[in-house]
Structure formats: C-alpha cells, structure tokens
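In each ligand, atom 1 is the first atom listed, and ligand 1 is the first ligand listed. Note that the structure is a prediction, hence the values are computed from the model and not measured.
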Amino acid sequence: MIQTTPPEWYKSAVFYELSVRTFADGNGDGKGDFPGLTTKLDYLKNLGVDCLWLLPWYPSPLRDDGYDVADYVNIHPDLGTLEDFKVFLREAHARGLRVIGDLVTNHTSSDHPWFQAARRGPTLPDGAPNEYYNYYVWSDTGEEYPGARIIFTDTETSNWTFDEQTGQYYWHRFFSTQPDLNFDNPAVVEELLAAARFWLDLGLDGFRVDAVPYLIEREGTNCENLPETHTILKQMRQLVDQHYPGRLLLAEANQWPEEVVEYFGSETDPEFHMCFNFPVMPRLYMSLKREDTTSIREIMDRLPAIPSFGQWATFLRNHDELTLEMVTDDERAFMYAAYAPDPRMRINVGIRRRLASLLDNDRRRIELLNSVLLALPGSPILYYGDEIGMGDDLSLADRNGVRTPMQWNASLSGGFSSASPEQCFYPPIEDPVYGFHRVNVQSQEQDPSSLLKWTARQLEMRRQHPAFASGDLNFVDSDNPAILAFTRTTPDETLLIVSNFAANAQACTLDLSAHHRRTPVTVSGASHLPPIQEGRYPLVMGKYDYYWLRLN
Ligand SMILES: OC[C@H]1O[C@H](O[C@H]2O[C@H](CO)[C@@H](O)[C@H](O)[C@H]2O)[C@H](O)[C@@H](O)[C@@H]1O
Ligand SMILES: [Ca+2]
C-alpha cells in the first residue's frame, strides 16, 4: 500500500515512463488502454520501479500524441473510461506504486472548446465580451516576440499562425495545432489549477508539467523562463502544498543549469519538487563516443545547489527525440555524426532513436549508461521498453518511431494486443534484430542473464544502498579521461562508482587519498578489491566495465 510518509518519497524513487496507448491493449481494438495497463502492474512492480509517469491520457485529436489536449478533465475514449482510470490507480496504489500524470500547461489543442470559442473574436454578436478570446494570445500582425526561437524547427516556420475566422494571428511555441494559452489571464491560471485539482482529488500522486518555460511572452525577451512564469508556477506549488502534501510536481524545463535551477524556487518560496537534468543526458552518450568523460564532470559541477526538498530527474531516453538543445554547436554536430548517420534519424534539434539502437544493441554499453544513470545524483526515469532493449521504427512520422507497442511475447502483435499488427495504433516492431519475436518480456523473464533481469537486479541493489539516492556527490580524480569515478556518501556509507567509457581495456590511477585504508567491496558483496593503501589507487578495467563499490 502507498504510505503517506515520507513526503519526499520522490527523492529515492525510480520512475518508469510509459504511454497507455502503446503499453497493453485490454479490449483487443489495437490501442492500449487503462484495463490493459492494469494487467501489467505486477510486471512493473517486479521490475522494481516506484512511480509510473503516464504520457497525456486526455481526449485529443492526437496531432502531437496527446500533448494537444482537447479536454483536461477526461480520458481519451481509446484509453478507457474514468472508471477504468480509477481502478488502475487503486490497483497501482495497492501494489505500492505511485502514479504521476502529464499536465500540458502551455497550450491546448486547437480543437479545445476554449480555442473554438476564442475564435469568435473579442466581442460576441450580442455585443458581450467573449471571455474565451483572452484565453489565447492574439496579434494583428504576427510580428511580436521575434526573439522567441522556433522549437519544432522541422515543421514550423513561425510562432504565429493566421486564423481565418478572427482575421488575426495566434501564438504557438509548438505545432500550429497547439495554440498557447494566455497566462496573463488569471482565468487561464484558474482553469489549469482546477484541472490539476480534478486529478489530485482522484488520488493521482502528481504531475510532470510539460513545457514550463514558455508560459509568458514579453517583448524584447526570448519568452523563456520569465519571472512572471515562475510566479504562476509557484501558485501551482502552493496549491499542492496546501491541499495535497506529499504529491509531486516535476518540471520539464529543457534549459541550462543556471536557468533550470530557478524552477525549484527556494526553501521559503518553493516551485517544483523535481526538475529534469536535461544537460547531462547528451553528455553521457557523447562521452561514450569520445571515450572522454570530462563533459559529464563539467556539467555536473555546473549544477547549482538546490533547495533541501529538491531532487533532479535523470534519464537516458524518453518519448521525444534525444534532444540536443543543451549542447554547443560543435557538440551537436559531433552527436549527429556519431549517432544519426542516416538523415531519417534526425528531427528538430535531436535524434529520434531508442537507447538500444543508439548503442548498436551493445549490451555492455547499454549496461554502462544505465549503471551511470542509476548512480548519478537524481531519481532515474526509465523509458518503457528500454529495459528489454526495444528498437525504433524510422518509417513512422515525427517522434512516433520510439513509441511503438510494448513487446510482451512472441505471439501476434507481440502480446501487446489480440488485434493484428495492421490494426494496432502503431505497428509492433518485427525486424529480425529488435522485433518482438526476438526481443520480448516473456523470453527475458525466463533468462537470468537477460537485460530485463539485469535491470531488475540493479534496481534492487540501488534500493539496498540509500547512498545511490541521497549520497553527496564527489568526483574522484582519474588520470584517464575515459574512466569516470565518483563517490556517493551518506553518514552510513560511501559508494565508489567507476566506469570505463572506452571500447578497450583501460588502466587508470584514482586519487582516493580521502579514503585511505578502506577496502572497496562490490555492492553485491561478491568481490573484495585490494585495500586503498596509499592515496593513488591503480585500477584496470575491461571495455565498458563499471564497478559499483562500497568502501568498507
Ligand atoms: O507539448 C509540446 C511538446 O512538449 C514537450 O516538448 C519537449 O520536447 C521537445 C522535443 O520534442 C523539446 O524540444 C522541448 O524543449 C520540450 O518542451 C513534450 O515532451 C513533447 O512530446 C511535446 O511535443
Ligand atoms: Ca484498447
């Protein structure tokens, strides 16, 4: 059962991101749904995750996979009913699993009744003011805010789109089918808070809040991270603190450390409990190809201190492209050359591939990056299917190639649905390397050496050593840049994590003078390494090897 304490459960949680639509189909119509997901809760519990993050489940025309919301307080009919959702949430809680949703704040779908009403213009035919007009951001010229970048660079040429009905332009930071809400209008803030309350009242454990930097526009700025945006987001936190203590707000702010840290607020004026650590993610991949981990250490050193209630969210992949917004131009060019040799792999400012295919399906590299993810400060978020090494489908448009059906077994449609593959929302992957005949949960559950079993064991080990979640981070100097070494320390234990990012065996000497006379023992307890006699500690590691050690 879910305990109401500790309120800061998210600090030690492992999260699992999934799309209800592509996880498990309960009624055989080819579309995943809440009843299907409910049947998979034991799988998720056994994997060892603590909290599920569900992609948007709202009614939507699905022009951005549900991030175009047409009704904030309902379930998309394909995914089931509100009653199905309640059953799912009850069953998740009964297993000790928490659940957060995705609150799409910045914009609605152009199909949302608010936008359709807004298009009637500022004044209604009877002369009364149209209250919905000011729910959105309008312009006569479409020339305002030229400092705001375009985010979906492959699709959009402007952040303004002309609307025939009003004869005006409306503002949108994402697709033109996603008009931005006008957060200068207090009624809009109230609507979003009411939507949040609706789900929190049903027992939801919180939200990942989408695209938070873009709520407010101001001339002469880039319209990101503005002080007025923070003021609004703090109202959301106040709502949670006052009425829903113990629930979580996680900010999706794809920004540099100096900007993202502002989304935590402060001890006395809090904003989000958690923020994604976007900048470290591409550097994990970059370090592998460069066989040089300097950039990981540099970006982690650049993270400012966060309030005591705060926690980072770390991840290797998610439902979007592997974003390259938080790297330099040179680094971006390097990443494209290294990880997206086929132009179809590129989209907007990123790479639309899954973890296993990015890493050439190399089990050692997959384990290495996961082991670093689980050991770095922050609560890790696993992306569904990556725990079994699913691949992607480049023939699907947009970012949908990384959103294919979960592969449960080798039966028709990979056990995702009793419908045929052609009837599935996205076709299940069937290629010989990543297809469901070869890569699926059932076969990996029967194989003690599978990636799935390895992942479950790592999560269990992480749980047994709280320093992984809460220990202080200290980098250990290594004379070999291919080898990343750091400690995580609590008053009770010190963990030493050493990882070889090179494709060959590497030797290094670590400066462990702070740990003189201690003996590194693998966290499983299976192997003792030589004691740290002197400050300089020599180590030889096989290619892509990693050690999780406890200093006794
Ligand atoms: O709702 C619109 C989009 O919001 C999120 O977008 C984020 O992903 C973008 C890349 O796909 C990224 O560049 C941007 O900084 C983020 O806000 C959401 O995760 C997307 O799926 C969605 O389309
Ligand atoms: Ca279904």
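Note on Asp386 versus Arg354: salt bridge recorded, some NZ/NE/NH1/NH2 to OD/OE distance being below 4.0 Å. The pair Asp102-Arg208 meets the salt-bridge criterion, with a side-chain N (NZ, NE, NH1 or NH2) lying under 4.0 Å from an Asp/Glu carboxylate O. Comment: Arg173 engages Glu224 in a salt bridge, judged by a side-chain N to carboxylate O separation of less than 4.0 angstrom. Salt-bridge annotation for Glu228 and Arg218: present, with a side-chain N of the basic residue lying under 4.0 Å from a carboxylate O of the acidic one.
Heavy atoms of Phe175 found under 4.0 angstrom from ligand 1: none, in either backbone or side chain. Neither the backbone nor the side chain of Arg352 has a heavy atom within less than 4.0 Å of ligand 1. Only the side chain of Ile151 comes within 4.0 Å of ligand 1, judged by heavy-atom distances.
Remark: ligand 1 atoms within the under-4.0 Å shell around heavy atoms of His107 are 1 (O), 2 (C). Proximity to Tyr214 (heavy-atom distance under 4.0 Å) selects the following atoms of ligand 1: 15 (O). If you number the atoms of ligand 1 from 1 as listed, the ones under 4.0 Å from a heavy atom of His319 come out as 18 (C), 19 (O), 20 (C), 21 (O). Here is the list of ligand 1 atoms found below 4.0 Å of a heavy atom in Arg399: 11 (O), 20 (C), 21 (O), 22 (C), 23 (O). Less than 4.0 angstrom separates some heavy atom of Arg208 from each of these atoms of ligand 1: 18 (C), 19 (O). Numbered from 1 in the order shown, with element, the atoms of ligand 1 that lie under 4.0 Å from a heavy atom of Asp64 read 1 (O), 2 (C), 3 (C), 22 (C), 23 (O).
Shortest non-hydrogen contact noted between Gly385 and Tyr16 is N-OH, 3.7 Å.
Summary: OD2 is the N/O/S atom of Asp33 found nearest to the Ca ion (ligand 2). For Asp25, the N/O/S atom at the shortest distance from the Ca ion (ligand 2) is named OD1.
The single protein non-hydrogen atom nearest to atom 12 (C) of ligand 1 is Glu325 OE1, 3.5 Å, given as residue, atom name and distance. The single protein non-hydrogen atom nearest to atom 11 (O) of ligand 1 is Glu321 OE1, 2.7 Å, given as residue, atom name and distance. Given atom 17 (O) of ligand 1, the protein heavy atom at minimum distance is Glu252 OE1, 3.0 Å.
In the candidate list Val104, Asp102, Asp210, Asp210 is nearest to atom 4 (O) of ligand 1, counting heavy atoms. Among Thr323, Leu55, Asp320, the residue whose heavy atom lies nearest to atom 19 (O) of ligand 1 is Asp320.
Checking Asn27 against the Ca ion (ligand 2), an N/O/S atom falls under the 3.0 Å cut-off. The Ca ion (ligand 2) has no N, O or S atom of Asp78 inside 3.0 Å of it. Not a single N, O or S atom of Gly32, from either the backbone or the side chain, sits less than 3.0 Å from the Ca ion (ligand 2).
The ring-ring contact (aromatic ring centres under 6.0 Å, His included) test with Phe315 singles out one residue from Phe15, Phe278, Tyr383, and that residue is Phe278. Checking each of Tyr136, Phe162, Trp138 against Tyr169 for a ring-ring contact (aromatic ring centres under 6.0 Å, His included) leaves exactly one that passes, namely Phe162.
Side-chain atoms of Ile347 and Thr153, non-hydrogen and from C-beta on, never get closer than 4.5 Å to each other. Between Val137 and Trp160 there is a side-chain heavy-atom pair separated by less than 4.5 Å. By the 4.5 Å heavy-atom criterion applied to side chains, Ile100 and Leu249 are not counted as neighbours. Side-chain contact between Ile381 and Thr314: absent, with no pair of heavy atoms (C-beta onward) separated by less than 4.5 Å.
The angle subtended at the Ca ion (ligand 2) by O of Lys31 and OD1 of Asp29 is 90°, given to the nearest 10°.
Arg173 does not count as a contact of ligand 1, since none of its heavy atoms falls under 4.0 Å from the ligand.
Looking only at distances, a side-chain donor or acceptor of Ser287 sits under 3.5 Å from a matching main-chain atom of Arg283. Distance alone, capped at 3.5 Å, is enough to place a donor-acceptor pair between the Arg247 side chain and the Leu204 backbone.
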